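These figures come from a predicted structure and were not determined experimentally. Lettering of chains follows the sequences in order, A, B, ..., and the numbering in each one begins at 1.
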Amino acid sequence: MGKKMNNWRADFPILAQKVNDEPLVYLDNAATTQKPLAVLQTVRDFYENDNANIHRGVHTLAQRATERYEQVRQKVTDFIHGNDWHEVVFTKGTTEALNWVAASYGATHVKAGDEIVLSYLEHHSNLVPWQQLAKKVGAKLKYIELTADGQLDLQSAADLITDRTAIVALCHASNVMGVVNPIQAVSQLAHAHGAVMVVDGAQAVPHLPVDVQELGADFYAFSGHKMLAPTGVGVLWGKLALLNEMPPLEFGGEMIANVGLYETDFKEVPYKFEGGTQNIAGVIGLGAAIDYLQAIGLEQITKHEQELISYVLPQLQAIDGLEIYGPQDPSLRTGILSFNLTGLHPHDLASALDMDGVAVRAGHHCAQPLMNYLGVSATARASFYLYNTKEDADLLIKAILDAKEFFLNGSC
Amino acid sequence: MGKKMNNWRADFPILAQKVNDEPLVYLDNAATTQKPLAVLQTVRDFYENDNANIHRGVHTLAQRATERYEQVRQKVTDFIHGNDWHEVVFTKGTTEALNWVAASYGATHVKAGDEIVLSYLEHHSNLVPWQQLAKKVGAKLKYIELTADGQLDLQSAADLITDRTAIVALCHASNVMGVVNPIQAVSQLAHAHGAVMVVDGAQAVPHLPVDVQELGADFYAFSGHKMLAPTGVGVLWGKLALLNEMPPLEFGGEMIANVGLYETDFKEVPYKFEGGTQNIAGVIGLGAAIDYLQAIGLEQITKHEQELISYVLPQLQAIDGLEIYGPQDPSLRTGILSFNLTGLHPHDLASALDMDGVAVRAGHHCAQPLMNYLGVSATARASFYLYNTKEDADLLIKAILDAKEFFLNGSC
Amino acid sequence: MALARLNNLYRQVIMDHAKHPHNNHPLPQADHELELRNPTCGDVLTVQMKMQDGKIAAAGYTGTGCTISQASASMMTDQIIGKTPAEVEKMVLGFSDLVMGKEVPDQAKLLGDAVILQSVAQFPARIKCATLAWKAAYQALEESERND
Amino acid sequence: MALARLNNLYRQVIMDHAKHPHNNHPLPQADHELELRNPTCGDVLTVQMKMQDGKIAAAGYTGTGCTISQASASMMTDQIIGKTPAEVEKMVLGFSDLVMGKEVPDQAKLLGDAVILQSVAQFPARIKCATLAWKAAYQALEESERND
Ligand SMILES: Cc1ncc(COP(=O)(O)O)c(C=O)c1O
Ligand SMILES: Cc1ncc(COP(=O)(O)O)c(C=O)c1O
């Protein structure tokens, strides 16, 4: 497997470098992924041939740019199995998308006394917007518990989701423990009680096939930069009827039908949300990233990550004093692993791994409530993606053992 | 002049193409500018060497990416002569920046009965956010009049700005008529009455030296894509004391100091505004664009545009039936010209020019109140930039004459 | 010279309609009316219709616009007279397909002279200009259906 | 092997301070106290001080953190004892410059053993860890000045 994957590796020039005199092992993919040449080249090609502002122009470049931009809307629709391209709103990223749902849909539909149900797994981006909303309108937050091995506790979900629930907001996959949540089951609970189902797909769309309709999502958000696309672009997908009910939040060029001195009419969905010049090249780059992912196949990517995790997890489990958070069964995870070495702060561990060329993240991963739930202040996190190999896994293990030796057995 | 400028032209590969079998004459720079190789190469280099998510990472790539991103904050500060890099907030563009000022500063500081003073020159992005704010809090909008030749009427400004004025929001340069507004004089009026001065610099920063402190601006907004930088990045500059008073609007990763289950503390300015993964490569590209502009010198760019306008304006004025909006004196303008050919709709004119390879914009330019003020439904707009030449100007004139012949003298 | 290509878009028939538009006047006795705006240029077009015996007996339009939108309104109002609302709705959908470059079965029969606007398909930025009047007619008829 | 470079950051003195930290306990009689958080990792550190005759008579700290932040807190609390608030503020500014790689005049005299943390300058991601305790001390003193 590892070897065959190296075909894709060649598409990512950044990986072929040394860091601290060691070959780079990039295992920080949950934070952001690297970009294949096809994406870089598409963006470059756009700027060198077709760059113009979109929608407003009669001239040839403006037509070409508009067409390239709008084609991506259809591409995204197909990719996540939406129903209609009007449901695809381009945003800066997942954070902006979720904020818009809370500040627009939420602020106009959630009332005092309503409940918003989240889980302990949530990233701050799918948590703080709801805290703010709850404060503003006088709603109440509830948190779905986790099972002992770190999976979403469906019984707790069933207990918490009631007729008082207005919104259920849940990540499709956790950015800390890699667990994939049973969105379909939770959606059914939400809908049975008349609640709206908001899904944070930032850690799912890059890694597994997503069908927003099958999942029963009402809103679904994700980021381009975590799925091979440029920074500064993301998607808010929403059911048309719900998007139609949402007031826009950013007012200005191109989201407007008519502006008087004191009154303004807005355009239809999705344009009413896209005020001002958008990240045009970013959207076009996102289209190229989707093409690249689809050419490989999402099933193939899931399988590859599964194989890597199955390979590395037992080796990590064998390291004395290494605690791994979340399910210990590889089949319950995406390519994300969070862990701590007893007696060593994850920042120290990450610095040590970096000396061996291994890039992992250390910290709370924007999931402080989960950290508290796990009873830690931080973890180290290694996250694998399609271009990682068994050799990368081997180098991770070796680097952890080196660090352990250095810090805990007093080799310095 | 034209010839010397061709040195810069070579940095913009997109310009060396034919459109409809004619050499491209790109005169839609007020909508968006083309990107020099130095910017494209910097972004590419970032993705091929240093790409990682910023702020959160201990590993080497994350450090390099953070450093490259944060360096641009200082670069922007120096470029617009700000005081402190904390005053520079990165946004999606001018529209987002102005919306944030209205929705955050405005919503917390403007009260019922307060007045917001705008001008008839404003782009929808510096108008609709204030309309929305006015509606929400019960404030009143007032519009500064223009003089007969299309300049801001300072007497009208002095009449309208009173102790009831909370905000004065004005473009530094008009995107339709190219006039540069006397911001310093208006700031003094605003401050004398305790109002806050918001400046839309989208059409100024690319074209003239800007000193936000000398201008007396309290907030100043601009877009990267109109100044050679990638799409999807812009700047909100604000006085530190005012930014400190503004609640953040987008909640999530990296703008947070501490997240509990029900309460959250935010970071300091500017980070509290930058929720979620930012357009990292876009910001780095903006840095490269600033370097490029500074290497030429903004005075030099202003001079070049002046020379082109002085060259082309008399020729346009000589075309029978061509009406040019705004001051007829070239020294009162940036490189933007709006005009109409009597008896021909600007859309038809723009289509005709496009057939000759000349890219201009036709429409209301997101300035419907100005269109109404001028008594037209739309105009054609040619906007010059540093890479345009006298030959471009000649081709524009020729194309207008062709179109006139085709439509008005019945050559078809 | 490239301008010659403009002849593709601005055929003589189109220019004639734009210069001497048909039905370009208010219809005081109208029972269906809708104002639409082209958001890009701010142009406004009002289409009015008068029904009799379940068919459109008269149609008129007012408002400003470019050559394409004016010619299209002129042709549209010509073509819908004598048609039932159901027929008009079919025509509008067919016209919309036509100017987006799609195949439309029996297009000449369906749309009459207006098929000449097929050329707009090569000028995507102008499609909105061509469809404005047609959309207004469609929505005017739809609104009154909803009110029935 | 590259890990050997870690010796640059994790000098023996630093490791010793982290493993056997000085002043790592609450100070019940404290008259100055401040809690600070490293937002990246969520670590929390509380610094406490007791003043006597215008000088810091005792200092202590509690809380969790990485090797660098623990060692730094340990060294900082050692170094500030016997200093006036004005002296401490100067030390903190000097230390901050030191770990950002800037030249600090008379650094050994100003900061004592803590100069060993100069090595952090090569590890920019860890600067925040090194400065956490120092910032807490600074802010604790500043706050009480404001309250005076
Ligand atoms: C004067 C002015 N203000 C604001 C804007 C909006 O800028 P952006 O679309 O980059 O947000 C523009 C550009 O269209 C402009 O010309
Ligand atoms: C689960 C999850 N949700 C939301 C986000 C926020 O995404 P972004 O920073 O791209 O807005 C992230 C990434 O950090 C994430 O992992």
Report which part of [X] has an atom under 4.5 Å of a heavy atom belonging to chain A: side chain, backbone, both, or neither.
{"X": "B/D28", "result": "side chain"}
{"X": "B/L15", "result": "neither"}
{"X": "B/N279", "result": "both"}
{"X": "B/W130", "result": "neither"}
{"X": "B/L141", "result": "both"}
{"X": "B/L127", "result": "side chain"}
{"X": "B/F266", "result": "side chain"}
{"X": "B/Y262", "result": "both"}
{"X": "B/N258", "result": "both"}
{"X": "B/V233", "result": "neither"}
{"X": "B/Y120", "result": "side chain"}
{"X": "B/T60", "result": "both"}
{"X": "B/L249", "result": "backbone"}

If only atom types and distance count, is the side chain of [X] paired as donor or acceptor with the main-chain N or O of [Y] below 3.5 Å?
{"X": "A/E96", "Y": "B/E250", "answer": "no"}
{"X": "A/T95", "Y": "B/G275", "answer": "no"}
{"X": "A/Y47", "Y": "B/L40", "answer": "no"}
{"X": "A/E48", "Y": "B/P13", "answer": "no"}
{"X": "B/Q368", "Y": "A/G260", "answer": "no"}
{"X": "B/T32", "Y": "A/N53", "answer": "no"}

Taking the side chain as everything from C-beta on, heavy atoms only, tell me whether B/R361 gets closer than 4.5 Å to A/H59.
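In short, these two side chains touch, coming nearer than 4.5 Å.
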
Please examine the side chains of B/I14 and A/L61, heavy atoms only from C-beta on, and report whether any two atoms are closer than 4.5 Å.
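Yes, side chains in contact.
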
Taking every heavy-atom pair that is under 4.5 Å apart, which of [options] has the most such pairs with chain A?
{"options": "B/L37, B/D50, B/I280", "answer": "B/I280"}
{"options": "B/M255, B/H225, B/Q131", "answer": "B/Q131"}
{"options": "B/N49, B/N372, B/V283", "answer": "B/N49"}

Let me know if [X] has heavy atoms under 4.5 Å from chain B in its side chain, its backbone, both or neither.
{"X": "A/V39", "result": "neither"}
{"X": "A/F12", "result": "neither"}
{"X": "A/L24", "result": "side chain"}
{"X": "A/R64", "result": "side chain"}
{"X": "A/L261", "result": "both"}
{"X": "A/T33", "result": "backbone"}

So which atom in A/G253 and which in B/S125 form the shortest heavy-atom distance, rounded to 0.1 Å?
N-OG, 3.2 Å

Can you name the nearest heavy-atom pair linking A/F251 to B/P129, along with the distance?
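Scanning both residues, the minimum pair turns out to be O-CG, 3.6 Å.
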
With rounding to the nearest 0.5 Å, note down the distance linking CZ in A/R44 to NZ in B/K35.
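It comes to 13.5 Å.
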
Value for OG1 (A/T231) from OH (B/Y69), rounded to nearest 0.5 Å, stands at 9.5 Å

For chain B, which of [options] has the most heavy-atom pairs under 4.5 Å?
{"options": "A/H364, A/Q278, A/Q132", "answer": "A/Q132"}
{"options": "A/H347, A/H123, A/E263", "answer": "A/E263"}
{"options": "A/V259, A/V58, A/V128", "answer": "A/V259"}
{"options": "A/A16, A/G93, A/G57", "answer": "A/G57"}

With sequence neighbours left out, what residues match B/D354 under salt bridge (charged side-chain N to carboxylate O under 4.0 Å, His left out)?
none

Is the NZ atom of A/K140 crowded by more than 12 outside heavy atoms at less than 6.0 Å?
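Open.
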
